[in-house]
Amino acid sequence: MRREIAQVAAILATVMRTTLLLALPVMLCAQERGALNGHLPSWLNFGVQSRIRAEGNRADNFGLYRLRFSADVRPVKWLEFYGEAQDARSMGFHHPDASVKDTLDVRQAYVRLGSEDHWWDLKVGRQKITFGTERVIGAAEWGNTARVFDAVRLGIHHGPNRVDLFSSSVVNNDPDNRDHHRQGNNLHGVVGSLGSLLAGARIEPYLLLRDDHRGNSHSWTAGTRVAGAARGGWSYEVEALRQTGAVGSLKLSAWASTVQVQRKLARLWWNPSLLGELNYASGDRNPQDLRVNTFDQLYPTNHGFYGIADQVGRRNTRNIRGGVWWRPEKRLTVKTEMHSFWLASRFDGLYAFNGVLSVPAVASGAVSTDVGRELDVIADVKLSSHYDIGAQYGHLFPGDFLRTYSYGAGRGFYAVFLDFRM
């Protein structure tokens, strides 16, 4: 235990030392630049972001940091040029890969015609694509390198309603070379966000086509998300998705759903909010029937939704999530959550947050579908509009499935971070 504490302390010391050498000068320059932006023409703006983080578990501890620089040029209201560079690296990570390392590269670079203030805008180039709460398509910002797409995106909007049509290809991060999208792996879609149909709510229907020419696979994902607020401090989110298509020579037939309810109790001590959530994502029921029933989670932001230990993704899973979120004061948020996980099908395996198979399927069917329970504690402090610090700790307590087929799979996870933006 003492050795683990010493290792964590060494990582934290390295992170702070790196911050002083690299991030702090950037922050100071950013503050000067922020003051400069106030005197620059309204069509020109510079920005900088920095994040440092120490994280790990019982077996491994390491540090992560990333810097981002951006320039936004808008010579007229209907024309925008945006560029963003990113440098993401790790410390103490024995074999850094594309999830933690992306040496200085272009993160975003796009041209936008039109304006959000009018009825349409067209964005062409490398960009973030996010919808709703990012359970289907998101930026995965918790990751050190995060996610962007090379895309063409047309937005049509009027009042509280909008429709987005896009054609894209996800960008593969390369730790040491220029990032590039994967040729032949495309995602096309139409996503609506309608705020005028139901009072206090948004209805978001969508249809997505994922086409992988190299894997000879394609899938259609049709879904609807409804989210809103009701009287008495209640809020809700409901989503249902259906997938069809082909995975090689096999037919794809899968589905997923989410139901979440929150209740704010503003009159009680520390302004608590109660959270309850049910999740389901189908798994393969019969490996011999020439059908694939495992839900394809596409490109989500999963960290937190299925536990911060990131051991479970939105594939072959049933999940109950409950929690209490506290607001002792306006800058501090503390969340305590409990997750219970089961396999949706005992003939399929367990998939991690990134959709990768972590525990293979048992040919004869698992003797238990009980994956385990996870307890998470999350704290976040917004020191100012520029600084944000936080800490997270989660522990997955293995159920019969993990104890039987992945001995020692129970895992603790911690993270301490500092964000800066200007």
Side-chain angles (χ1 to χ4, degrees), residues 57 133 135-136 221 223 225 236-243 252-262 274-289 291-298 300-324 335-378 393-413:
N57 51 56
T133 50
R135 293 176 186 261
V136 180
T221 301
R225 173 180 175 268
Y236 60 90
E237 177 185 357
V238 180
E239 185 179 40
L241 306 85
R242 183 78 170 91
Q243 281 183 343
L252 171 66
S253 178
W255 67 284
S257 62
T258 294
V259 177
Q260 182 191 106
V261 177
Q262 289 193 48
L274 306 180
L275 168 72
E277 183 175 298
L278 301 175
N279 287 292
Y280 180 90
S282 62
D284 207 36
R285 298 187 296 267
N286 183 354
Q288 309 301 323
D289 65 356
R291 288 181 177 269
V292 175
N293 305 119
T294 306
F295 182 73
D296 180 2
Q297 66 178 22
L298 298 179
T301 299
N302 273 344
H303 182 79
F305 286 130
Y306 314 104
I308 63 172
D310 291 334
Q311 298 300 288
V312 179
R314 202 182 191 186
R315 309 189 73 186
N316 190 37
T317 184
R318 291 179 291 136
N319 173 24
I320 297 177
R321 176 189 179 197
V324 182
K335 300 179 181 181
T336 56
E337 296 184 358
M338 175 66 78
H339 301 258
S340 294
F341 302 108
W342 298 268
L343 299 182
S345 169
R346 68 188 186 96
F347 296 98
D348 203 345
L350 176 66
Y351 298 82
F353 77 106
N354 55 6
V356 174
L357 184 67
S358 58
V359 181
V362 180
S364 58
V367 296
S368 173
T369 61
D370 180 18
V371 174
R373 268 135 295 283
E374 180 173 328
L375 175 65
D376 297 336
V377 180
I378 303 166
Y393 179 78
H395 190 91
L396 176 64
F397 301 90
D400 289 341
F401 174 80
L402 287 179
R403 285 194 292 264
T404 302
Y405 304 106
S406 182
Y407 179 76
R411 180 189 181 193
F413 169 85

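Bear in mind that the values here come from a model prediction, so they are computed numbers and not experimental data.
- For the pair R314 and F305, the NZ or CZ position fails the cation-pi test of under 6.0 Å to the six-membered ring centre and within 45 degrees of the ring normal.
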Test side-chain contact (heavy atoms from CB on, under 4.5 Å) on Q260 and T133; report intermediate values, then the result.
CA-CA 12 Å; Q260 182 191 106; T133 50; over 6 Å; no
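- Residues V136 and E239 are in side-chain contact: their nearest non-hydrogen atoms beyond the backbone lie under 4.5 Å apart.
- Between the D376 side chain and the I308 main chain, a donor and an acceptor come within less than 3.5 Å of each other.
- Proximity of E337 to E277: side-chain heavy atoms (C-beta onward) are nowhere separated by under 4.5 Å.
- With a 4.5 Å cut-off on side-chain heavy atoms, Y405 and V362 count as touching.
- Applying the salt bridge (charged side-chain N to carboxylate O under 4.0 Å, His left out) test to pairs two or more places apart or on separate chains, none has a residue in residues 339-360.
- In summary, the side chains of Q243 and D296 do not present any donor paired with an acceptor at a separation below 3.5 Å, with no hydrogens or angles considered.
- Although no hydrogens or angles enter the test, the distance criterion places a donor-acceptor pair under 3.5 Å between the side chain of R242 and the main chain of A254.
- At least one side-chain heavy atom of R321 sits less than 4.5 Å from a side-chain heavy atom of L275.
- Contact of the L396 side chain with the F413 side chain is not registered, since no non-hydrogen atoms from C-beta on lie closer than 4.5 Å.
- For the pair L402 and Q311, the minimum side-chain heavy-atom distance is 4.5 Å or more.
- Just one residue in the list V359, N316, L357 forms a side chain to side chain contact (heavy atoms under 4.5 Å, CB included) with L350, and that residue is V359.
- Looking at N279 and T258, their side chains do bring a donor and an acceptor atom within 3.5 Å of each other.
- To the nearest 0.5 angstrom, Y393 atom OH is 15.0 Å from T336 atom OG1.
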side-chain contact (heavy atoms from CB on, under 4.5 Å) between V371 and W342, worked out:
CA-CA 5 Å; V371 174; W342 298 268; 5.6 Å; no
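- Taken from CD1 in I320 to NE2 in H339, the straight-line distance is 12.0 Å, to the nearest 0.5 Å.
- Residues F401 and F341 are not in side-chain contact: their nearest non-hydrogen atoms beyond the backbone lie 4.5 Å or more apart.
- Residues D310 and N302 have side chains not in contact (no heavy-atom distance under 4.5 Å, counting atoms from C-beta outward).
- Atoms CZ and CG, from F295 and L252 in turn, are 9.5 Å apart once rounded to the nearest 0.5 Å.
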